[in-house]
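Working notes, structure below.
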Amino acid sequence: MPEKFLKPYDSTATESRIYAEWEKSGLFNPDECVKQGVTKADAPTYSIVLPPPNVTGRLHMGHALMLAVEDIFVRFKRMQGFRTLWVPGTDHAAIATQSVVEKQIKKDEGKNRHDLGREELLKRIETFAAESHDTIIGQLKTMGASLDWSREAFTLDETRTRAVRKVFKEMYDAGLIYRGLRIVNWDPKGQTTISDDEIVYQEEKSTFYYLKYGPFTIGTARPETKFGDKYVVMHPNDSRYADWKDGQKIDLEWINGPITATVVKDESIDMEFGTGVMTITPWHSIVDFDIAERHELDKEQIIDERGKLLPIAGEFVGMKIVEARAKIVEKLRVKGLLEKEESYVHNIATAERTGGIIEPQIKLQWFVDVNKEVIGRGKTLKEMVIEPMRSGAIKIVPEYFEKTYFHWVENLRDWCISRQIWYGHRVPVWYKGDDISVGIEPKEEGWMQDEDTLDTWFSSGLWTFSTLGWPEQTDDLKNYHPTDLLETGYDILPFWVMRMILMTEFTLNTIPFKTVYLHGLVRDAQGRKMSKSLGNNLDPLEITAKFGADAARMALIVGNTPGTDMRMSEDKIKGYKHFANKLWNVARFVLSQERTGEMRADLKAEFDALIVGVTNDIEEFRTYMAAEKLYHYVWHRFADEIIEESKNKAEYGATLYYILENSLKLLHPFMPFVTEEIYQSMPYKETGFLMTAPWPVVE
RNA sequence: GCGCGGUUAGCUCAAUUGGUAGAGCGUCACAUUGACGUUGUGAAUGUUAUAGGUUCAAGUCCUAUACCGCGCACCA
């Protein structure tokens with residue numbers, strides 16, 4: 001028996017050494033597995049593409065969970081003999097990364113991005129991104145992730161840029177990408193548009209004002225936008241206003257003097273709300289914009305990009321909206337136009353990254369049209385993202401999230417893909433006078449590229465196939481796409497999962513993956529979200545240093561059903577550190593015995609049932625149950641009972657070795673390090689590494 | 001407003017799709033000088049949120065109610 005077994009299991013010393021050996025062997029790469037004869041050249045493939053972590057710093061426990069789950073499936077399939085590929089990569093995460101760096105520069109040097117200029121800011125972001133990248137790669141390895149590093153990708157590298165440009169051009173040529181003057185979510189703090197998904201609603205107590213508007217009383221929470229309101233809208237079926245005709249003109253006294261208003265009848269008005277009459281501000285309200293579009297009404301900007309009032313506000317010009325509001329209300333009161341005030345609670349839209357209060361604005365932006373029929377395909381993009389889910393070509397684990405998915409897709413509107421930030425894929429469009437070139441940069445002088453960049457989800461939407469080399473028709477693409485599994489957090493089901501399906505259906509006319517496995521949030525022991533401000537973060541690096549990656553992985557897997565949030569505590573992880581040591585001692589005992597005697601048929605049958613159970617559990621995505629079964633068997637059956645019975649009885653030898661060896665195999669996807677380390681000391685080995693040993697099969 | 005999920009032992013969660021409610025942690029008692037600093041044996045705790053229904057059989061299916069959490073939309 002090797003001397004190392006005389007001491008308790010030391011995860012720290014073992015894990016980094018073992019990972020280096022695996023990496024050196026090249027066996028994370030399926031081609032190398034074939035070359036070294038551990039995988040058959042014609043074996044079926046299994047592939048996962050890693051959801052790329054943002055290069056915004058370091059990984060958290062949610063990432064650790066993602067890695068644990070994916071590595072379990074990858075190691076399981078590799079041992080089963082599949083040509084198994086797990087592609088690593090990172091995400092430039094445009095707005096998230098830029099705002100982290102901008103905040104830092106603001107703090108250190110008191111400068112904003114315009115002080116630095118585009119080129120200098122990009123240089124700074126790239127330096128930061130490179131550092132984050134290295135930190136993250138180190139963390140991925142610490143967790144034991146068996147990723148094929150020879151295929152690493154970045155959402156903003158050269159290959160991915162080619163893919164982005166090609167897809168953009170194809171969508172543009174198909175008439176699905178258009179540039180239009182449309183109302184968008186403008187973040188005055190971040191100075192950029194953001195998508196609907198990047199908005200966080202916050203409850204706020206505010207005042208609701210009833211104002212006299214000629215013969216009507218209108219309700220509003222935002223008197224500061226009302227300067228330009230010259231349309232008064234009501235429901236066509238509202239009997240209270242039946243005498244007023246659509247298009248009728250009314251002269252009335254308004255904030256800054258007399259105006260002429262026009263009556264508009266529109267069915268979107270809620271007769272129950274307020275007085276059933278409202279005026280509209282199409283430039284700064286999505287609903288009002290839609291009404292204005294339907295009736296072809298004028299639109300006028302009231303508030304500028306920095307959140308200040310424009311000259312139309314008269315004496316209030318240049319004021320910030322918050323301070324202007326009180327003064328405008330006061331003026332309305334003096335003029336006798338303020339009828340009454342009520343307090344009410346509503347949700348204000350804020351930008352997820354900057355906290356800025358969203359001000360809708362009409363801007364010239366690029367959009368993806370989700371409701372237009374795609375030529376030659378007979379359906380819209382929206383239909384394309386519904387279909388594979390309906391037909392069962394893609395299934396979600398847990399299944400009930402499919403309902404959430406459909407609910408979300410039904411509310412899908414045209415996707416605004418341009419951003420006024422600098423870090424990211426620049427919109428691949430060049431202008432020269434009235435000429436426009438899409439997707440390809442013209443060689444001649446005088447062409448200017450669009451200033452904007454693309455929403456980060458545009459490039460991540462291509463992730464499953466851009467990582468495999470598309471637009472080249474690579475072998476990887478042929479062999480590994482569609483991928484088998486997408487494993488990610490349920491919180492990005494709509495943003496990312498839906499967009500990958502959209503992009504892949506459009507570009508390749510196929511699905512990006514067959515199964516979507518959604519994990520939940522990792523919370524602290526009290527069930528609170530982990531956050532910097534609460535200081536309840538568990539840092540995966542600290543955890544692995546203290547308890548080992550094997551223990552962290554088990555703690556993340558046991559008792560954690562897909563789609564459900566879980567609670568994590570150091571105590572739980574400690575428990576599995578103990579388990580790693582228990583396994584270590586089991587090995588110590590077995591290795592001290594002679595491998596003699598007949599196999600005990602009853603014990604073998606019992607173990608074989610475990611093999612079948614665990615295999616089925618993993619195949620059917622019940623990793624939490626497989627892990628628990630193994631824990632229970634190894635500790636309370638094998639160690640407590642079988643080994644106890646066997647003491648001083650030489651005829652158990654062969655049985656003990658059988659159980660140990662196969663327990664190591666079954667446990668390997670869950671606890672790769674300690675199992676590999678023990679396997680290396682087994683007197684009989686089928687292969688160099690447990691990692692590529694054959695998965696146990698019951699005849 | 002529309003939708004989704006949850007409610008099971010003191011705590012955290014399971015229950016392989018309708019077949020005797022189980023694990024981990026915690027608690028209590030006992031044991032333990034050689035595989036185990038991280039050990040073992042045993043014990044207690046359940047009207048499965050509530051009320052009905054279907055069924056030979058319900059934690060599981062149906063209806064309603066209550067509470068908790070979440071998503072989406074709206075918010076003049």
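Keep in mind it's a predicted model, so treat the numbers as computed, not measured.
Close to B:G40, at under 4.0 Å from its OP1 or OP2, lies a side-chain N or O of A:Trp635. Between A:His632 and B:G22, a side-chain N or O to OP1/OP2 separation shorter than 4.0 Å is absent. Applying the 4.0 Å criterion to OP1 and OP2 of B:A35, one finds that A:Lys647 has a side-chain N or O inside that range. Taking side-chain N and O atoms only, A:Tyr624 has a distance below 4.0 Å to OP1 or OP2 of B:A15. The phosphate of B:U16 has neither OP1 nor OP2 within less than 4.0 Å of any side-chain N or O from A:Arg622. A sub-4.0 Å separation between OP1 or OP2 of B:A14 and a side-chain N or O of A:Thr561 is present.
Between the side chains of A:Thr281 and A:Asp229, at least one donor N or O lies within less than 3.5 Å of an accepting N or O. Side-chain atoms of A:Thr488 and A:Trp496 include no donor-acceptor pair closer than 3.5 Å. For the 3.5 Å distance criterion, the side chains of A:Glu641 and A:His636 fail to qualify, holding no donor opposite an acceptor. Side-chain N/O atoms of A:Thr217 and A:Glu339 include a donor and acceptor closer than 3.5 Å.
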Practice item. Any chance you could encode RNA chain B as dot-bracket? Rule is Watson-Crick or G-U wobble with both distances under 3.5 Å; [ ] for pairs crossing earlier ones, | for another strand. Key: (((((((..((((.....[..)))).(((((.......))))).....(((((..]....))))))))))))....

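A:Asp640 comes within contact range of the sugar-phosphate backbone alone, with a heavy-atom separation under 4.0 Å but no base atom that close. Residue contacts for A:His284: at a heavy-atom cut-off of 4.0 Å it reaches no nucleic acid atom on any strand shown. Across all strands shown, A:Asp270 has heavy atoms under 4.0 Å from base atoms, whether or not it also approaches the sugar-phosphate. Residue A:Ile643 is in base contact, counting any heavy-atom pair closer than 4.0 Å across all strands shown. A:Leu493 comes within contact range of no nucleotide atom at all, as no heavy-atom separation falls under 4.0 Å. Residue A:Val590 is classed as having no contact, given no heavy-atom separation below 4.0 Å to the nucleic acid. Among the protein residues, A:Ala639 comes within range of the nucleic acid bases, having at least one heavy atom under 4.0 Å from a base atom.
Atoms CG (A:Leu660) and C1' (B:C36) sit 15 Å apart, rounded to a whole Å. In this structure, OH of A:Tyr405 is placed 16 Å from P of B:C72, rounded to the nearest angstrom. Taking atom CG of A:Leu518 as the reference point, atom C1' of B:C70 lies 14 Å away to the nearest angstrom. Between A:Phe579 atom CZ and B:A23 atom C1' the separation is 14 Å, expressed in whole Å. One atom, CG of A:Asp571, and another, C1' of B:C13, lie 16 Å apart when rounded to the nearest Å. Going from atom CD1 of A:Ile218 over to atom C1' of B:C75 covers 15 Å, rounded to whole Å. Following rounding to the nearest Å, A:Glu399 (CD) and B:U17 (C1') show an atom-to-atom distance of 11 Å. We find that NZ of A:Lys7 is positioned 17 Å from C1' of B:A35, with the value rounded to whole Å.
Geometrically, A:Arg182 does not engage A:Phe289 in a cation-pi contact, judged by NZ or CZ lying under 6.0 Å from the ring centre and within 45° of the ring axis.
Under the 90° criterion around 0 for the glycosidic angle, B:U55 counts as anti.
For B:U45 and B:U50, the C1' atoms lie 22 Å apart once the distance is rounded to whole Å. Comparing B:A49 with B:G5, their C1' atoms sit 16 Å apart, to the nearest whole Å. Using C1' as the reference atom, B:U8 and B:C13 are 10 Å apart when rounded to the nearest Å. Comparing the P positions of B:G69 and B:U12 gives a spacing of 14 Å, expressed to the nearest Å.
Side-chain proximity of A:Glu644 to B:A35, B:A14, B:U12: nearest is B:A35. Of the candidates B:U41, B:A14, B:G5, B:G5 carries the atom nearest the A:Tyr400 side chain, counting heavy atoms from C-beta on. Candidate nucleotides B:U12, B:A35, B:G71 were compared by shortest atom distance to the side chain of A:Val586, and B:A35 ranks first. Of the candidate nucleotides B:A14, B:C72, B:U41, B:C72 has the atom nearest to the side chain of A:Trp408. When distances are taken from the side chain of A:His407 to each of B:A14, B:C72, B:U38, the shortest belongs to B:C72. If you check B:A35, B:G37, B:C4 against the side chain of A:Thr404, the one that comes closest is B:C4. Distances were taken from every side-chain heavy atom of A:Arg413 (C-beta onward) to each of B:C74, B:C13, B:G40; the shortest belongs to B:C74.
With the nearest nucleotide of RNA chain B identified for both A:Asn560 and A:His636, A:Asn560 has the one nearer the 5' end. Each of A:Met566 and A:Phe638 was assigned the nucleotide of RNA chain B with the nearest heavy atom; the assignment lying further toward the 5' end belongs to A:Met566.
The residues A:Lys212 and A:Glu253 are annotated as not salt-bridged, no charged nitrogen and carboxylate oxygen being separated by less than 4.0 angstrom. For A:Glu570 and A:Lys546, the salt-bridge test passes: some basic side-chain N is under 4.0 Å from an acidic carboxylate O. Comment: A:Arg622 engages A:Asp617 in a salt bridge, judged by a side-chain N to carboxylate O separation of less than 4.0 angstrom. Note on A:Glu619 versus A:Lys77: salt bridge recorded, some NZ/NE/NH1/NH2 to OD/OE distance being below 4.0 Å.
Interatomic distance, CD1 of A:Ile218 versus OH of A:Tyr209, reported as 13.0 Å (0.5 Å rounding).
A donor-acceptor contact under 3.5 angstrom links the side-chain atoms of A:Lys582 to the base of B:C36.
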